[in-house]
Amino acid sequence: MNFLIALSVILFLMVILWLISIPLKNVSIVDAFWGMGFVVVNATYFILEPHSYTRTIVVLALVSIWGIRLSAYLFKRNYGKEEDFRYQEFRRYYGVNRYWWVSFFQVFILQGSLIMIVSLPLFGIYGETTNNELNSIDYIALLCWCIGFLFESVGDYQLTKFKKNPANKGAILKTGLWRYTRHPNYFGDATVWFSFGLFSIASGGYWHFIGALVMIYLIIKISGVAMLEKSLKKTKPGYKEYVESTNAFIPWFPKK
């Protein structure tokens, strides 16, 4: 029942976002909602549960910190800019007069559904936690979250600072965390969701871990690393050398 209530809330918010996107002719606004979507789902589970436990309070804080930061970062990055090139291509393919309703299913309902699938570990945490005791897996999960949040937030900060310098136009960021992985922010995001999967296992929700695996797969193979790598190899001179010296995902020392 709690899952269905959370689903209803997310779909309602997606309908609102879709209606806003029509006059704006910009569906990119959905990207900034991605992190907040998980905050909403998590808060819904927390409110609906009759009891609050140490684990659920910790997870409420961690999801809120992660989701609010991500949405704020994406909102600031995209504010005042034209629609993302991916959506522009879809708009041209389907036609301007059709895309307003096509986007409802292709973008908003799809992302709402993905939020619910990826957030399955949260569903497991709230559904399976029955006491205030934390176990060793909880502490491992907390460590993973800290590592992941560090890589994601610092990676985003370093990239933003790099892009603000006009002298870096067309250049490749190879310092800071970007010296050890070509995508520290994506590695961090995946690690954060791996931690939520561990929290679910710690509570006794084992099958719910599939949500974390879906998120990691999306990051590496679909909308994150793979898509960006394809674009950068075409547009960034010298990226081939960067690929040869630096790991794509898991951080490690550069190859000589």
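A side chain to side chain donor-acceptor pair (under 3.5 Å) check over residues 157-176, counting only residues at least two apart or in different chains, returns nothing. Identified under the side chain to side chain donor-acceptor pair (under 3.5 Å) test for residues 116-129, with sequence neighbours left out: N42-Y126, R55-T129. For residues 93-105, the set of pairs meeting the side chain to side chain donor-acceptor pair (under 3.5 Å) definition, not counting sequence neighbours, comprises Y99-Q106. Residue pairs satisfying the ring pair (Phe, Tyr, Trp, His ring centres under 6.0 Å) criterion with at least one member in residues 41-61, sequence neighbours excluded, are listed as follows: Y45-F123. Annotation: salt bridge (charged side-chain N to carboxylate O under 4.0 Å, His left out) contacts involving residues 26-48, sequence neighbours excluded, comprise D31-R86.
Contact detail for G148 and V192: the closest heavy-atom pair is C-CG2, 3.7 Å. Of all heavy-atom pairs spanning G155 and P184, the tightest one is CA-CG, 4.3 Å. Annotation for G170 and P237: closest pair O-CD, 4.2 Å, computed over non-hydrogen atoms. In terms of heavy atoms, H183 sits closest to V225 at CD2-CG1, 3.8 Å. Summarising the geometry of P121 relative to V118, their closest heavy-atom pair is CD-O, 3.0 Å, with the distance given to 0.1 Å. Annotation for L60 and A43: closest pair CD1-CA, 4.3 Å, computed over non-hydrogen atoms.
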Derivation and outcome, side chain to side chain contact (heavy atoms under 4.5 Å, CB included), residues C146 and L150: CA-CA 6 Å; C146 291; L150 173 71; over 6 Å; no

Side chain to side chain contact (heavy atoms under 4.5 Å, CB included) evaluation trace for V41 with T44: CA-CA 5 Å; V41 170; T44 302; 5.7 Å; no

Stepwise side chain to side chain contact (heavy atoms under 4.5 Å, CB included) check, F149 with R69: CA-CA 10 Å; F149 188 76; R69 187 216 70 88; 3.7 Å; yes

Evaluation steps, side chain to side chain contact (heavy atoms under 4.5 Å, CB included), between F151 and N185: CA-CA 6 Å; F151 268 85; N185 44 0; over 6 Å; no

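Between F194 and L213, every side-chain heavy-atom pair lies at or beyond the 4.5 Å cut-off. Under the 4.5 Å side-chain criterion, counting only non-hydrogen atoms from C-beta, M14 is in contact with F33. Inter-residue side-chain proximity for I222 and Y217 is flagged as met; some heavy-atom pair is nearer than 4.5 Å. Side-chain atoms of N247 and Y180, non-hydrogen and from C-beta on, never get closer than 4.5 Å to each other.
Distance check: F75 CZ to S28 OG gives 12.5 Å after rounding to the nearest 0.5 Å. Within the model, atoms CE of M215 and CD1 of I220 stand 11.5 Å from one another, a figure rounded to the nearest 0.5 Å. Note: L74 CG to N78 CG = 6.0 Å, rounded to the nearest 0.5 Å. Taking CD1 of I65 as the reference point, atom CG of L70 lies at 13.5 Å (rounded to 0.5 Å). I10 CD1 to F38 CZ: the interatomic distance, rounded to the nearest 0.5 Å, is 8.5 Å. Once rounded to the nearest 0.5 Å, the distance linking CZ of F12 with CG of L17 reads 10.5 Å.
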Output a table of donor-acceptor pairs, distance under 3.5 Å, between side-chain atoms of residues 196-212 and any protein atom two or more places apart or on a different chain; print 'none' if there are none.
{"unit_1": "S200", "atom_1": "OG", "unit_2": "G205", "atom_2": "O", "d": "2.6"}
{"unit_1": "S203", "atom_1": "OG", "unit_2": "S200", "atom_2": "O", "d": "2.6"}

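Contacts of R179 classified as salt bridge (Lys or Arg N to Asp or Glu O under 4.0 Å), with partners at least two apart in sequence or in another chain: none. Applying the side chain to side chain donor-acceptor pair (under 3.5 Å) criterion to W66, with sequence neighbours excluded, gives E152, D189. Taking F162 as the reference, nothing meets the ring pair (Phe, Tyr, Trp, His ring centres under 6.0 Å) condition, with sequence neighbours excluded. Every residue meeting the salt bridge (Lys or Arg N to Asp or Glu O under 4.0 Å) condition with E229, not counting sequence neighbours, appears here in chain and number order: R182.
Linking Ile, Leu, Val, Met, Phe, Trp and Tyr whenever their side-chain heavy atoms come within less than 4.5 Å puts L159 and I172 in one cluster. Cluster annotation: W252 and I250 are assigned to distinct hydrophobic clusters (Ile/Leu/Val/Met/Phe/Trp/Tyr, side-chain heavy-atom contacts under 4.5 Å, transitive). A continuous path of Ile, Leu, Val, Met, Phe, Trp and Tyr side chains, each step under 4.5 Å between heavy atoms, connects L24 with L19, placing both in one hydrophobic cluster. Note: the hydrophobic cluster containing F85 does not contain V102 (ILVMFWY, side chain heavy atoms under 4.5 Å, direct or indirect links). Taken together through direct or relayed side-chain contacts under 4.5 Å among Ile, Leu, Val, Met, Phe, Trp and Tyr, M116 and L114 form part of one hydrophobic cluster.
Using modelled atom types, no side-chain atom of T181 and backbone atom of L177 make a donor-acceptor pair closer than 3.5 Å. Here the side chain of N132 pairs a donor or acceptor atom with the backbone of T54 at under 3.5 angstrom. At least one donor-acceptor pair closer than 3.5 Å links the side chain of K236 to the backbone N or O of A171. Judged purely by atom type and a 3.5 angstrom limit, W193 has no side-chain atom pairing as donor or acceptor with the backbone of I216.
With respect to the salt-bridge test (charged N to carboxylate O, under 4.0 angstrom), the residues E83 and K25 do not qualify.
For R91 and Y87, the positive end is not near the middle of the six-membered ring at less than 6.0 Å and at most 45° from its axis.
Around CZ of F90, the count of heavy atoms belonging to other residues, nucleotides or ligands within 6.0 Å does not exceed 12. The number of heavy atoms from other shown groups lying within 6.0 Å of CD (E241) is above 12.
In this structure, M227 shares a hydrophobic cluster with no other residue, the cluster being traced through Ile, Leu, Val, Met, Phe, Trp and Tyr side chains under 4.5 angstrom apart. Through direct or indirect side-chain contacts shorter than 4.5 Å among Ile, Leu, Val, Met, Phe, Trp and Tyr, I47 is connected to no other residue.
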